[in-house]
J.: 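Here you go, one structure.
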Amino acid sequence: MTTKNKLKYIFIAVVAVLATIALADALGFFNEKPYTAVSHGSHSHYVPHDRNPDVSIDNFPMEEPGPNEKITPEGQIVPIDQQEE
C-alpha cells in the first residue's frame, strides 16, 4: 500500500469520526442538563426530556431554570425539592 493510499484512508477515518461526534452532539448525547433548548423562531423554549407530548412547546419557559429549579413535564418552573403530586 502506498503512502498516498494510507493518507487517503486516514483522512476518511478522521472525517468519519468527526461526523459521528457531530451527529451525537446534534442528537443531544453530550447534553448533561435535564432539559433542551428548542429554537422557536427568534427565541428558544426550554423543554424537559420527560415533557408531556400533549403540551404545546409554547407553554414551556423561554428562560433557563435556576440552579435550584426544574421544569415540570407541563412547563412550569418549580423548586427542585418540590414533590410532584
Side-chain angles (χ1 to χ4, degrees):
M1 186 180 284
T2 65
T3 304
K4 187 175 179 180
N5 279 343
K6 287 180 186 177
L7 288 175
K8 180 173 69 171
Y9 288 122
I10 290 172
F11 176 76
I12 291 171
V14 168
V15 169
V17 168
L18 291 175
T20 302
I21 292 171
L23 179 63
D25 185 44
L27 293 174
F29 185 74
F30 303 115
N31 185 5
E32 297 176 2
K33 297 180 179 178
Y35 55 85
T36 301
V38 177
S39 179
H40 195 231
S42 63
H43 60 279
S44 295
H45 290 273
Y46 294 91
V47 181
H49 298 300
D50 63 345
R51 92 171 180 98
N52 182 347
D54 297 329
V55 178
S56 171
I57 294 292
D58 292 329
N59 293 347
F60 289 91
M62 291 186 285
E63 299 175 0
E64 285 188 81
N68 294 322
E69 296 176 326
K70 67 177 181 177
I71 304 171
T72 66
E74 286 72 36
Q76 288 87 26
I77 294 180
V78 298
I80 286 180
D81 58 357
Q82 181 175 331
Q83 297 294 323
E84 292 185 26
E85 297 174 6

J.: For residues 13-24, which side-chain N or O atoms pair as donor and acceptor with protein atoms under 3.5 Å away, sequence neighbours left out?
T.:
from	atom 1	to	atom 2	distance (Å)
Thr20	OG1	Ala16	O	2.8

J.: Measuring from Thr72:OG1 to Asn59:CG, what's the distance to the nearest 0.5 Å?
T.: 10.5 Å
J.: Excluding sequence neighbours, so at least two apart, what forms side-chain contact (heavy atoms from CB on, under 4.5 Å) with Thr2?
T.: Lys4, Asn5
J.: Other than Met62, what residues sit in its cluster of Ile, Leu, Val, Met, Phe, Trp and Tyr side chains whose heavy atoms are under 4.5 Å apart, directly or through others?
T.: none
J.: Can you name the closest pair of heavy atoms from Ala37 and Ser44 and give their distance?
T.: CB-CB, 4.4 Å
J.: I need the full list of salt bridge (Lys or Arg N to Asp or Glu O under 4.0 Å) pairs touching residues 10-29, with sequence neighbours left out, sorted by first then second residue.
T.: none
J.: Determine the minimum heavy-atom distance between Pro79 and Lys70, stating which atoms define it.
T.: O-CE, 4.3 Å
J.: Who clusters with Ile57? Use side-chain heavy atoms, under 4.5 angstrom, across I, L, V, M, F, W and Y, and order the result by chain and number.
T.: Tyr35, Val38, Tyr46, Val47, Val55, Phe60, Ile71, Ile77
J.: Can you sort out the partners of His40 under ring pair (Phe, Tyr, Trp, His ring centres under 6.0 Å), two or more places apart, ordered by chain and number?
T.: His43, His45
J.: Assess whether atom CZ of Phe29 is packed by more than 12 heavy atoms of other residues, nucleotides or ligands within 6.0 Å.
T.: no
J.: Give the minimum heavy-atom separation between Gly75 and Pro61, together with the two atoms involved.
T.: O-CD, 3.4 Å
J.: Residues two or more places apart in sequence or in another chain: which of them pass side-chain hydrogen bond (donor to acceptor under 3.5 Å, both in side chains) with Lys33?
T.: Glu64
